[in-house]
J.: 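The structure under discussion is supplied below as structure tokens; questions concerning it will follow.
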Amino acid sequence: MAKRTKRAKKPAAKFSRKMRGKLAFLFTGMLVLVCGLIGRLMYINYTSSDKYKKIVLSQQSYDSSIIPFQRGDIVDTKGTVLATSVAVYNVILDCSIMTSDTKYVEPTIDALMECFPDIMNRDQLEDYAANSKDSKYIVLAKKLPYDQIQPFIEKQDDTDNNPNIKGVWFEKEYQREYPYHTLASSLIGFTASGNVGNSGLENYYNDTLNGINGREYGYLNSDNDFEKTVIDAKDGNTLVTTIDANIQSIVEEKIKEYNDMYTDNSREGAGSTNTGVLVMNPNNGEILAMANYPNFDLDNPRDLTPYYSQEQIDAMSDDENMDALNKLWQNYCITSTFEPGSVQKPFTIATGLDTGTVTDDMTFDCDGGEMFDGRIIGCVKRSGHGLETVRQALMNSCNDALMQMSYKIGIDNFVKYQSAYGFGLKTNIDLPGEANTSTLVYTLDNMKPVDLATNSFGQNYNTTMIQLGSAFCSLVNGGTYYQPHVVRKITDADGNTISTIDPTVVKETISSSTSDQIKDYMYSVVSEGTGKMAKLDGYSMGGKTGTAEKLPRGNGNYVVSFIGYVPQENPQLVIYVVVDEPNVDDQSHGAFAMNISREILKEVLPYLNIYPDEEQNGTNAEYGILGTDVTKKSAEAAAAAGQEAQNADVPQDENAGQ
């Protein structure tokens, strides 16, 4: 019987039919989902790629650098640059790049030494290469001008000949510079680090001058390509001032000439404690020049060596050093207060004329002074001037006559007009630091008859130069008080005008007829009275001298001044000169201020095309800063030469004005 052959068994299936069906369904479903996802991603990429790109980039690490703005310029009325910001460069070493390949180190160091031999130190550079390999930001030099870094840039860019100079870059910033150094120093001010204005226009208009920094972003995209985004800086705006650099220069030259002549004369030190000069346009409130002595170098504002020895500076404490600097930086014309003296008299007479309490036909008998509570407040002429008209009272600067006028004017009118003239009120000039004199003038509540009497000739109350100068402009321009200002307009970095500062009429102080009358009196002061030494030959002009004894009385310290205008009809210029404690034995002479004023006008008027309008007869033509025979030691020669009236402003009684 034949044997049966065995059939090989069929291997069992790993997946059942049912299971295979499920897997096929799952695969199909996943394929559909993947296709849907791809489709969705394509849709998102098409419609929202920028949005999601920003999200991705925000999650990547990247570097950024600041693009500094350029602070705006300060220019004079004709465009002369008084303050500007120039680009300077810091030399930065990225040691991680320089040391990323040994072949970069020596060529880079050699190039640095070749291009900056007086700045770089080879040992230091080699130390960085050996011990600071991971450092990305090492400052090798600061604030170099472009022409100093240009040779290195050219060498580094020449990759054909210098392929291995790596890791050096230049960080740009701006440095404030003042082309004329000391010119208008207290008015312009200066900046500290970080573009912060410290004083003057730099401080007052700090936000206007400053711009907005830009930024440069660098990052690696998803393909590891370097990409860069730049947001440009917005530069600051430019101030176009009312200052005329030529007039300012003339003023400062004459102030310095005076102070140099009188330095170490009667006492050790400068020719005066302070000397201030204002030159204004009375018809719009513009400041053409504002200067004081001492001044300072705007490019080196903390340098005290022009006024102190090195031994004195070394001996100063930190507080003493700071006090000395603050005194040097102050703008005397707006921050310092003083008793004005007899330059007040035109205001008193104008008040009387405008209120009708004083008329041109009145006369006043000067017998040498007025009695108050058993004491005499005297006139300069102890025997008295005798019978004085209103004009003569101003010409001779008669204190007695002015006190008698004040009785007629009365406290109510006097206080009202003092306020109208702006005494005790800030002018709100566009400069920082204007003194508040509200507590330094009398009010209806506290003024007594003796205060009225002394105030009438400028003692026993305080003002500032800018207050009195602005008020005086209203006396001679027909009665219109303009707010004083130093900036005429503001332009952007491209020169487009952003805003214009138009003349601002604040109020009317006196009538035009009163203005004409008081000008007529002040013309006589300069042509025949106490202001003769201020007269510039060939020019019609008016003005008033002032001499005020400082507190405490009896110490021989005075503030002397002159304020005037040119020409007589339709005045185009007002000048106010104040000399605080002239460095002479006898300070009580207005000649010092008049000499400075005359010498300034001698150069300024022709420059402004203001021509002589009177016959020239040689009046004061030969005089300079020293005037007549006024010597360094004393002003007595002036009286001997017929200038007795020069100190007519000084009350003779030691109690006067207390």
J.: Looking only at atom types and distance, does a side-chain atom of N281 sit under 3.5 Å from a main-chain N or O of N283, one as donor and one as acceptor?
T.: yes
J.: Between D264 (side chain only) and G269 (backbone N and O only), is there a donor and an acceptor less than 3.5 Å apart?
T.: yes
J.: Is there a side-chain contact between V566 and L601 (heavy atoms, below 4.5 Å)?
T.: yes
J.: Find the distance between CG (N477) and OG (S474) and round it off to the nearest 0.5 Å.
T.: 6.0 Å
J.: Locate the shortest heavy-atom distance separating P571 from P282; write the atom from each residue and the value.
T.: O-CG, 3.5 Å
J.: Check the pair T275 / V578 against side-chain contact (heavy atoms from CB on, under 4.5 Å), numbers first and verdict last.
T.: CA-CA 6 Å; T275 305; V578 174; over 6 Å; no
J.: Return yes if some donor-acceptor pair links the side-chain N/O of Y565 with the main-chain N/O of K519 below 3.5 Å, else return no.
T.: yes
J.: Roughly how far apart are D613 CG and L605 CG, rounded to 0.5 Å?
T.: 10.0 Å
J.: Does D580 pair with K550 as a salt bridge, N-O distance under 4.0 Å?
T.: yes
J.: The test is side-chain contact (heavy atoms from CB on, under 4.5 Å); show your working for L387 and T363 and say whether it passes.
T.: CA-CA 6 Å; L387 200 63; T363 57; 3.8 Å; yes
J.: Could you point out which residue of V560, N259, N274 forms a side chain to side chain contact (heavy atoms under 4.5 Å, CB included) with V579?
T.: V560
J.: Evaluate whether atom NZ of K602 has more than 12 neighbouring non-hydrogen atoms of other residues, nucleotides or ligands under 6.0 angstrom away.
T.: yes
J.: Might you confirm whether atom CD of E268 has over 12 heavy atoms from other residues, nucleotides or ligands at distances under 6.0 Å?
T.: no
J.: Can you confirm whether K408 is buried at NZ, in the sense that more than 12 heavy atoms of other residues, nucleotides or ligands lie under 6.0 Å from that atom?
T.: no
J.: Is the backbone of L425 close enough, under 3.5 Å, to the side chain of Q467 for a donor and an acceptor to pair up by distance?
T.: yes
J.: Between N620 and K532, is there a donor-acceptor pair closer than 3.5 Å when you use the side chain of the first and the backbone of the second?
T.: yes
J.: Please find the pair of heavy atoms, one from I466 and one from E434, that lie closest to each other, and give the distance.
T.: CG2-OE2, 3.9 Å
J.: Any heavy-atom pair between the side chains of S342 and K544 that's under 4.5 Å?
T.: yes
J.: Applying side-chain contact (heavy atoms from CB on, under 4.5 Å), run through N396 and E388 and close with a yes or a no.
T.: CA-CA 9 Å; N396 298 327; E388 297 265 272; 3.2 Å; yes
J.: Apply side-chain contact (heavy atoms from CB on, under 4.5 Å) to K426 and T437, showing your working.
T.: CA-CA 8 Å; K426 287 188 175 184; T437 61; over 6 Å; no
J.: Closer than 3.5 angstrom, by distance alone: can the side chain of N284 be matched with the main-chain N or O of P503 as a donor-acceptor pair?
T.: no
J.: Is it true that R553 and E339 make a salt bridge, defined as a side-chain N closer than 4.0 Å to a carboxylate O?
T.: yes
J.: Check whether any side-chain N or O of D76 sits under 3.5 Å from a backbone N or O of T242 as a donor-acceptor pair, and report yes or no.
T.: no
J.: Give, for atom CD1 of I575 and atom OG of S597, the distance between the pair rounded to the nearest 0.5 Å.
T.: 4.0 Å
J.: Give the ring-plane orientation class for F472 versus F347, where under 30° counts as parallel, over 60° as perpendicular and anything between as tilted.
T.: perpendicular
J.: Show me the pairs that pass salt bridge (Lys or Arg N to Asp or Glu O under 4.0 Å) and involve residues 467-491, at least two apart or across chains.
T.: E286-R488
J.: D354 side chain to G356 main-chain N or O, any donor-acceptor pair under 3.5 Å?
T.: no
J.: Quick one: are Y421 and T351 in side-chain contact, heavy atoms under 4.5 Å?
T.: yes
J.: For K327, I'd like to know if atom NZ has over 12 heavy atoms of other residues, nucleotides or ligands within 6.0 Å.
T.: no
J.: Please, which pairs that meet ring-ring contact (aromatic ring centres under 6.0 Å, His included) have at least one residue in residues 526-545, sequence neighbours excluded?
T.: none
J.: Kindly check if the number of other-residue, nucleotide or ligand heavy atoms within 6.0 Å of OH (Y180) is above 12?
T.: no
J.: Taking only residues two or more places apart in sequence, or in another chain, which ones meet S199 in a side chain to side chain contact (heavy atoms under 4.5 Å, CB included)?
T.: F190
J.: Can we say E528 and R391 salt-bridge, meaning some charged N sits less than 4.0 Å from an Asp/Glu carboxylate O?
T.: no
